[in-house]
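Note sheet for the following structure.
Positions are given from 1, in the same order as the sequence printed here. In listed order, ligands and their atoms are each counted from 1.
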Amino acid sequence: MLVDATMTIRPGMPVWPGDPEAGIRPVCSMENGDGCNVSELQLGTHTGTHIDAPRHYLADGPGVEALPLEALTGPCWVMDLAEVDEEIRPEHLQAAPPCDRLVLRTGNTRRRLAEQDCFCREFAHIGEEAARHLVNGSVRLVGIDYLSVERFGAENSPVHRILLKAGVVLVEGLDMRQVQQGWWRLTCLPLKIAGADGAPARALCERL
Ligand SMILES: [Zn+2]
């Protein structure tokens with residue numbers, strides 16, 4: 001079974017406060033007599049389902065085009081944390097098997113936050129202790145089902161810094177409605193944009 005775990009990019013979709021709204025504008029339009037349709041996109045680098053590159057928080061860190069492809073594709077443990085609506089703590093992660101890739105399916109999916117038109121400031125997020133716990137393990141990629149791994153308004157963004165410094169690839173804004181707990185093959189490929197701090201990605205999950 002192949003599941004698309006990507007948010008659909010559309011005008012009016014929820015975006016992080018201060019980030020650009022998503023938009024698509026016709027440049028050539030057959031309706032107006034042009035020979036074909038061509039559009040211009042307006043996107044932030046962290047729109048919808050996206051990857052955070054180290055450069056998001058580390059000034060000299062690699063951009064999204066330099067991320068290791070091996071981290072972005074391969075077996076992934078999807079962990080059900082449907083009862084968690086706030087901070088994810090180390091004890092929530094105890095039951096995860098050793099894995100290179102870990103996606104957290106939290107109360108954000110149950111609450112269908114990604115389908116709402118407005119950004120929601122209260123969402124399940126990785127706490128600082130859980131971030132330290134993760135970098136002590138084998139994990140190379142961590143994904144979550146809303147627009148940030150970190151609490152809204154976290155001063156100095158310690159969770160991003162801990163994970164990105166350790167070389168963990170972050171996938172945010174995953175649509176996990178159809179992806180239950182278990183082993184999946186994740187393929188998550190960000191647009192290859194030189195020097196970018198992040199990029200929208202298409203994320204697929206295939207049942208293993
Ligand atoms: Zn982020």
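- T49 places a side-chain N or O within donor-acceptor distance of the main-chain N or O of G173, the cut-off being under 3.5 Å.
- Minimum-distance N/O/S atom of D52 relative to the Zn ion (ligand 1): OD2.
- Summary: NE2 is the N/O/S atom of H160 found nearest to the Zn ion (ligand 1).
- With contacts defined as side-chain heavy-atom distances shorter than 4.5 Å, the pair E150/P158 qualifies.
- Side-chain atoms of D145 never come within 3.5 Å of backbone atoms of M176 as a donor-acceptor pair (strictly under, hydrogens ignored).
- Taking backbone and side chain together, E150 holds no N, O or S atom under 2.8 Å from the Zn ion (ligand 1).
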Does the side chain to side chain contact (heavy atoms under 4.5 Å, CB included) test come out yes or no for L186 and T73, once each step is laid out? CA-CA 5 Å; L186 175 73; T73 176; over 6 Å; no
